[in-house]
Amino acid sequence: MKLLILLSVLAVSAIASQKRYDGYQLFQVTPKDQSSFEAMVQLYEQSENYDFWIAPRGIDFAMDIMVPPAYTSVFVDLMHAYSMEYRVEMIDVQTVLDMAREERERTPRVATPRYSVDWNTYYDFNDISAFCNEIAAAHPNMRSYESRAIPMVKISTGGSGKKAIVVDGGIHAREWISPAFVTWLINELVEKYAAHPQYVDNVDWYIMPVINPDGYQFTFALTGDRLWRKNRRPNNDGIGGSSCMGTDMNRNFGFHWNEGGSSANGCSDTFHGGAAFSEVETQHVRDAVLAVAGQAEMYLTFHAYGQYWLTPWGYTATLPSDYTQLYNLAVSACNKLTAVYGTRYTIGSSTNVLYVASGGSDDWAKGGAGIPFSYTVEMRDEGLYGFELPARQILPNNLEVWEGVKVMAESLF
Ligand SMILES: [Zn+2]
């Protein structure tokens with residue numbers, strides 16, 4: 001009898017040890033004047049208590065902020081003090097996470113037994129790694145697979161002198177739609193090759209579906225945190241010491257690193273690391289990209305959410321000298337994207353459309369690796385579900401973004 005009791009306690013504590021968000025609320029806030037905007041920027045930069053799912057952009061731009069129950073009343077007081085418009089988008093974040101998990105548990109795994117993943121639900125890092133190996137093994141004459149902690153799939157029909165496109169996903173752990181799109185892209189290029197051979201015959205692809213494996217896996221783990229963003233290396237080099245985990249890999253790249261929009265506080269969700277490329281994951285991505293930089297003409301990095309097709313720079317409001325080219329190509333891509341379901345994307349440079357954020361991978365790809373066409377794509381949605389985009393939206397999202405990616409690729413033919 002004692003043994004049975006012990007077992008049941010262990011089982012309960014295992015379930016209970018994933019980070020919970022009971023009573024956390026997601027607020028949408030729209031500052032209407034400079035003083036209230038500045039109050040929100042101060043909160044964003046200086047408080048660890050609030051999780052900004054969408055960061056402050058400017059007056060009249062809505063932001064999404066997750067507020068813990070202990071801070072709800074002080075937060076609402078702040079709203080009233082500045083006469084800010086707000087509404088509660090999620091009255092209990094844990095309920096939203098629970099519903100999504102229950103739906104995942106009800107979804108049968110892998111309708112097509114050929115591979116370890118499909119695109120009817122979200123899969124963890126082990127399944128995605130297995131998929132990269134399986135699709136490589138199934139098409140030995142089409143591309144090679146480079147086995148390392150961070151899987152990279154090269155898709156090529158051979159020949160020399162071709163331009164290349166580098167694609168990555170999963171740099172921010174909680175943005176699950178990103179690996180769900182990037183794995184789908186691999187499948188579309190390889191398995192549907194016969195339907196559109198030009199996208200593989202004319203360019204080589206180097207695709208990394210999850211460049212933050214530890215963080216991504218932590219968002220699935222029973223002992224983890226569905227809303228984790230950073231990698232999982234303990235911090236000794238940030239303010240806050242070793243009490244906090246993780247570096248924001250998309251603030252850790254070495255081009256104008258630490259020039260704004262990132263934090264020196266190791267407990268912050270935008271901690272930029274102790275130095276540029278301090279993280280083993282960003283080092284791997286840097287080395288993998290530099291190895292093909294002579295061939296690569298385009299870099300696409302997939303994130304969520306907000307529906308933006310962003311150009312450099314993130315570190316400054318000054319536009320790159322070839323901005324018109326970058327912008328016009330993004331307009332063509334988004335026109336095709338929108339034509340599928342009517343989903344609208346905002347186009348522009350990261351700093352001007354969103355906010356200053358230095359150390360981003362797109363800035364480094366362009367400024368550091370010399371890849372001219374560099375874009376960050378923030379996919380669905382606009383905040384209704386945020387990071388918990390329902391699995392039934394994976395395929396519609398992928399189909400529309402694919403239309404944009406095709407336009408991007410065609411520009412290199
Ligand atoms: Zn992101």
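Starting from 1, each residue takes its place in the sequence as its number. Values in this document were obtained by computation on a predicted structure and should not be read as measured data. Every number for a ligand or one of its atoms is a count from 1 in the order of the listing.
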Participant: Kindly give the atom name of the N, O or S atom of His303 closest to the Zn ion (ligand 1).
Facilitator: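 The closest N, O or S atom of His303 to the Zn ion (ligand 1) is ND1.
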
Participant: Does Glu103 come within less than 4.0 Å of Arg106, counting only side-chain N to carboxylate O?
Facilitator: no

Participant: Taking the basic N atoms (NZ, or NE/NH1/NH2) and the acidic carboxylate oxygens, is any pair closer than 4.0 Å for Arg104 and Glu388?
Facilitator: yes

Participant: Need one value: angle at the Zn ion (ligand 1), His172 atom ND1 versus Glu175 atom OE1, rounded to 10 degrees.
Facilitator: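 Taking the Zn ion (ligand 1) as the apex, I get 110° for this pair.
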
Participant: Go through the side-chain N and O atoms of Glu188 and Tyr199 and say whether any donor and acceptor fall under 3.5 Å apart.
Facilitator: no

Participant: Ile165 and side chain to side chain contact (heavy atoms under 4.5 Å, CB included): which partner among Leu300, Ile207, Asp204, Val292?
Facilitator: Leu300

Participant: Can an N, O or S atom be found in Glu378 less than 2.8 Å away from the Zn ion (ligand 1)?
Facilitator: no

